[in-house]
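Reminder, nothing fancy here: chain letters follow the sequence lines and each chain counts from 1. None of these values were measured; they are calculated from a predicted model.
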Amino acid sequence: MSKSKVKMEDIVSLCKRRGFIYQGSEVYGGLSGTWDYGPLGVALKRNIINFWWKTFVEDRDDMYGVDAAILMNQKVWQASGHVDTFTDPLVECNECGAKHRVDQLGIDEEIFSKTLNAYNNKLKILIKDFTHKIREEKEKNRKFLNLDTSLLEQGILDKNAINIIKEFSENIPEDTASYINLERLSIRIREMRLELIKAKSLEGPIVKEFLQLTNITCPTCKSNNWLTPRKFNMMFKTNVGPVADENSVSYLRPETAQGIFTNYKNVVDSFYPDVPFGIGQIGKAFRNEISPRDFVFRSREFEQMEIEYFIHPDSWEKMFDGWVKGIRMFLKELGLPEDSVHELEVEEADRAHYSKRTIDFEFDFPHKRDELLGLAYRTDFDLGNIQRVSGKNMEYRPKDGSEPFVPHVIEPSFGVERMIVAVLTSAYTEDEINGEKRTYLKLPAHLAPVKVAVSPLLKNKPELVAKAQEVYKMLKKEYGNVMYDDNGNIGKRYRRQDEIGTPYCITIDFDTLEDNTVTIRDRDTAEQKRISAIKIKGTIS
RNA sequence: GCGGGUGUCGUAUAACGGCUAAUAUGCCUGCCUUCCAAGCAGGCGAUGAGAGUUCGAUUCUCUCCACCCGCACCA
């Protein structure tokens with residue numbers, strides 16, 4: 001597996017030193033998986049985001065933008081399947097401590113299901129026994145209290161038993177052995193009920209026992225000594241409003257896509273675009289990753305740029321190919337070398353069950369080759385779910401009167417942070433100028449945080465400074481991201497600008513005062529041209 | 001989450017159970033400098049957090065936090 005020759009630590013160091021990216025909450029010792037953007041980082045990020053938006057939304061006739069709320073109705077995440085699929089049952093190995101997803105340990109489903117049935121039968125027998133014993137106690141006219149009334153409410157006990165217990169529960173209990181036994185039995189029944197419910201989602205003691213008995217071993221250390229499997233939810237949970245109860249539960253969105261699907265109908269109602277059309281969105285998403293890693297590559301708070309492209313199911317292959325081409329072009333303009341980008345067809349077994357085709361675009365990152373973005377054909381899975389759960393019709397009615405249909409979607413999904421790492425990795429370059437090493441960022445000009453730096457050749461010559469200020473102000477007005485730099489000597493300034501990827505440096509010297517020409521220096525070649533000051537705008541792209 | 005490693009000025013490194021914690025670079029002020037990190041003078045700036053051992057801890061021990069590597073996990 002290939003990876004970049006650029007070292008992540010060099011990029012991290014440069015990002016910190018030059019004000020691109022800092023550790024989140026750094027003064028307090030940091031917070032795992034969070035990163036803050038400094039002045040140059042936010043500029044780079046904005047440039048990437050804006051370029052994406054322009055390319056895929058603004059410049060196209062078939063695209064619409066939205067910006068949905070991060071907090072959404074909890075039904076969104078039930079309908080999308082995130083409440084289930086983002087709740088992974090994990091089990092920890094008692095020998096080596098490694099954690100594994102229970103559903104990936106190779107459990108035989110048939111045997112497991114039989115086990116659960118057997119357990120359920122055992123439970124039924126206990127309940128029968130319990131009911132029977134309560135009757136006996138009544139006949140002996142014994143009194144008892146504090147039996148678990150939730151068993152009654154859940155309909156586990158039959159009506160007769162309920163009546164019997166109700167009748168006695170308000171009376172003072174007699175302290176008898178049979179009473180204690182009954183109480184124990186009721187607790188046990190409740191426990192078993194709970195265990196059974198948990199086992200169905202692959203957690204709890206039943207699953208633990210099952211793993212031991214069927215001799216399922218730890219993939220890491222091959223031992224068969226497990227702790228009790230429990231759930232790990234990747235979604236950040238919170239409560240909306242002052243009362244923290246089940247109804248107020250919400251989640252920070254783990255992906256932005258749902259904000260698009262939930263607005264699909266709104267956009268159609270407002271604009272009634274012809275199919276195919278797409279909705280694009282850029283925004284933050286949150287995932288409580290088990291282990292954030294590799295600088296900003298995998299963090300707990302990240303930004304996505306996503307499109308849901310709504311199509312007629314008959315045309316999906318053609319549309320899919322169109323997106324592959326569009327993405328290739330986009331990546332090229334970000335300055336990513338073609339031989340560092342790899343398109344990986346995701347096999348059926350590995351892709352989401354609802355996807356008929358997925359391509360991962362991978363990149364040779366400093367840590368390893370890893371996923372940069374994904375392109376997935378999601379069929380009508382999402383709109384279908386919304387239709388089912390909300391009861392609202394999601395069909396699209398073609399203007400030509402042909403058969404209505406629920407549109408299928410093609411989803412290109414970009415991670416902003418991954419783009420940034422990829423762009424920095426591609427841009428990070430070391431070479432030599434006059435025998436001296438230099439480090440510079442070979443950023444495409446349209447992404448550079450500073451587009452052009454303006455310097456007076458000497459800063460103790462007022463006439464040069466005045467002229468340089470004049471040129472600086474003119475360019476600042478035009479481009480915005482222009483820097484005035486009079487630090488140290490001219491060579492130093494060039495190197496500083498090289499390191500932050502400024503493509504052009506303009507120097508005002510004594511000739512400028514005479515014929516109004518300046519020198520413009522190219523970052524990559526370090527070559528200079530002398531041009532008329534009024535032609536600067538036409539020269540820098 | 002496990003195992004291993006690391007944590008000292010912004011960055012990269014050094015040192016030490018005790019004296020003012022060093023060097024380079026960067027940064028700030030001033031001087032100088034006619035095109036690729038020149039020079040001079042002055043200055044700012046650090047032992048991740050907490051506890052313990054000790055007369056004294058940046059150094060030893062423990063806990064926590066963060067990052068890096070491997071494993072595992074990951075639309």
Side-chain angles (χ1 to χ4, degrees), chain A residues 7-10 12-19 22-35 38 80-82 85-86 88 90-101 104 218-221 227 232 234 253-258 285 287-295 297-298 300 302 304 306 346 351-352 354-355 358 360 366-368 370-371 373-376 378 411 413-415 432-439 455-461 464 487-499 505 507-512 518-519 521 523 526-528 530:
Chain A
K7 288 197 215 107
M8 192 68 102
E9 56 186 286
D10 290 336
V12 174
S13 168
L14 186 141
C15 282
K16 175 90 196 289
R17 199 169 62 239
R18 291 302 186 189
Y22 312 114
Q23 168 78 57
S25 312
E26 196 181 13
V27 281
Y28 291 115
L31 177 66
S32 177
T34 62
W35 300 90
S80 70
H82 281 87
T85 61
F86 265 51
D88 297 326
L90 293 180
V91 62
E92 186 174 343
C93 173
N94 203 15
E95 297 289 331
C96 71
K99 279 194 170 184
H100 300 275
R101 269 176 62 173
Q104 291 184 347
C218 170
T220 310
C221 71
L227 294 174
F232 184 89
M234 298 241 298
R253 62 183 179 196
E255 61 166 42
T256 56
Q258 292 307 318
R287 285 183 200 171
N288 202 356
E289 296 282 355
I290 299 172
S291 64
R293 267 296 168 82
D294 305 314
F295 196 34
F297 182 86
R298 175 174 294 109
R300 294 202 162 110
F302 57 100
Q304 289 185 306
E306 289 195 311
V346 180
R351 66 182 179 240
Y354 48 77
S355 176
T358 302
D360 281 347
H367 61 286
K368 64 174 184 187
D370 212 335
E371 186 176 342
L373 67 100
L375 176 66
R378 292 172 73 103
E411 177 192 83
S413 175
F414 297 70
E432 279 192 10
I433 288 185
N434 302 333
E436 293 244 31
K437 259 199 204 163
R438 77 160 173 163
T439 302
S455 285
L457 181 59
L458 299 174
K459 73 170 169 184
N460 61 352
K461 297 287 184 285
L464 288 182
N487 184 290
N489 62 49
I490 192 70
K492 252 184 181 175
R493 293 172 217 156
Y494 288 153
R495 296 301 171 86
R496 272 154 60 99
Q497 296 300 329
D498 285 343
E499 205 174 18
C505 287
T507 303
I508 278 67
D509 58 18
F510 294 96
D511 290 348
T512 313
V518 299
T519 62
R521 177 222 186 231
R523 176 195 63 204
E527 278 166 9
Q528 296 183 81
R530 179 159 283 279

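Between the C1' atoms of B:rA15 and B:rU23, the separation comes to 11 Å (whole Å). B:rC40 sits 38 Å from B:rG48 when the C1' atoms are compared, rounded to a whole Å. B:rA75 and B:rG26 have their C1' atoms separated by 42 Å, given to the nearest Å. For the P atoms, the distance from B:rC68 to B:rU11 is 15 Å, rounded to whole Å. Rounded to whole Å, the separation between the C1' atoms of B:rA49 and B:rA57 comes to 15 Å. Using atom P as the reference point in both B:rG52 and B:rG7, the two lie 24 Å apart (nearest Å). Taking atom C1' in both B:rU59 and B:rC2, the straight-line distance is 29 Å, to the nearest Å. With both ends at atom P, the span from B:rC55 to B:rG42 equals 43 Å, rounded to whole Å.
A:Gly435 comes within 4.0 angstrom of no nucleic acid atom, judged by non-hydrogen atoms across all strands. Contact annotation for A:Gln23: backbone-only contact, meaning every heavy-atom pair under 4.0 Å involves sugar-phosphate atoms and none involves a base. As judged by a 4.0 angstrom heavy-atom cut-off over every strand, A:Ser13 is placed among residues touching the sugar-phosphate backbone only. Contacts of A:Phe302 with the nucleic acid, taken as non-hydrogen atoms under 4.0 Å apart, are absent.
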Secondary structure of RNA chain B in dot-bracket form (Watson-Crick or G-U wobble, distances below 3.5 Å, | marking inter-strand pairs): (((((((..((((....[...)))).(((((.......)))))....(((((..]....))))))))))))....
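With sequence neighbours excluded, the residues forming a side chain to side chain donor-acceptor pair (under 3.5 Å) with A:Ser13 are A:Arg17, listed by chain and number. Every residue meeting the side-chain contact (heavy atoms from CB on, under 4.5 Å) condition with A:Thr358, not counting sequence neighbours, appears here in chain and number order: A:Val346, A:Arg351, A:Ser355, A:Asp360, A:Ala376. Applying the salt bridge (Lys or Arg N to Asp or Glu O under 4.0 Å) test to A:Asp10 and every residue at least two apart in sequence or in another chain returns nothing. Residues forming a side-chain contact (heavy atoms from CB on, under 4.5 Å) with A:Ser25 (at least two apart in sequence, or on another chain): A:Leu31. Residues forming a side chain to side chain donor-acceptor pair (under 3.5 Å) with A:Thr507 (at least two apart in sequence, or on another chain): A:Tyr494. Residues passing the side-chain contact (heavy atoms from CB on, under 4.5 Å) test with A:Asn460 are A:Leu458, sequence neighbours excluded. Residues satisfying the salt bridge (Lys or Arg N to Asp or Glu O under 4.0 Å) criterion with A:Arg18, sequence neighbours excluded, are A:Glu499. Taking A:Phe302 as the reference, nothing meets the ring pair (Phe, Tyr, Trp, His ring centres under 6.0 Å) condition, with sequence neighbours excluded. By the side-chain contact (heavy atoms from CB on, under 4.5 Å) test, A:Glu26 pairs with A:Lys16, A:Tyr22, A:Gln23, sequence neighbours left out.
You won't find any donor-acceptor pair under 3.5 Å spanning the side chain of A:Thr358 and the base of B:rA75, going by distance alone.
When the P atom of B:rU11 is taken as reference, atom CG of A:Asp10 falls 14 Å away, rounded to whole Å. At whole-Å resolution of the value, CZ in A:Arg300 and P in B:rA75 are 16 Å apart. If you measure from atom CZ of A:Arg293 to atom P of B:rC68, you get 7 Å, rounded to the nearest angstrom. Atom CD of A:Glu9 is separated from atom P of B:rG7 by 14 Å (rounded to the nearest Å). If you measure from atom CE of A:Met8 to atom C1' of B:rA66, you get 16 Å, rounded to the nearest angstrom. Going from atom NZ of A:Lys368 over to atom C1' of B:rC73 covers 10 Å, rounded to whole Å. One can place CE of A:Met234 at 8 Å from C1' of B:rA75, the figure rounded to the nearest angstrom. Residue A:Leu14 contributes atom CG, which lies 12 Å from atom C1' of B:rG10 at whole-angstrom precision.
Within the 4.5 Å cutoff, no side-chain heavy atoms of A:Phe295 are placed close to those of A:Pro366. Annotation: side chain of A:His82 is in contact with side chain of A:Glu255 (closest heavy-atom distance under 4.5 Å). Contact check for A:Lys461 versus A:Ile508: no side-chain heavy atoms found under the 4.5 Å cut-off.
Minimum heavy-atom separation, A:Leu373 to A:Ser413: CB-O, 3.3 Å.
For the pair A:Glu411 and A:Asp294, both in contact range of RNA chain B, the more 5′-proximal nearest nucleotide belongs to A:Asp294. If A:Pro292 and A:Glu255 are placed on RNA chain B by their nearest nucleotide, the residue sitting closer to the 5' end is A:Pro292.
Remark: A:Lys16 is not in phosphate contact with B:rG10, judged by side-chain N or O atoms under 4.0 Å from OP1 or OP2.
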Protein-to-nucleotide contact annotation, 5' to 3' order, nucleotides 44-51 of chain B [B base; S sugar-phosphate only; - none; under 4.0 Å, heavy atom]: --------
Contact letters for nucleotides 25-37 of chain B, in which S counts primed atoms plus P, OP1 and OP2 and B counts the base, heavy atoms under 4.0 Å: -SSS---SBBBBB
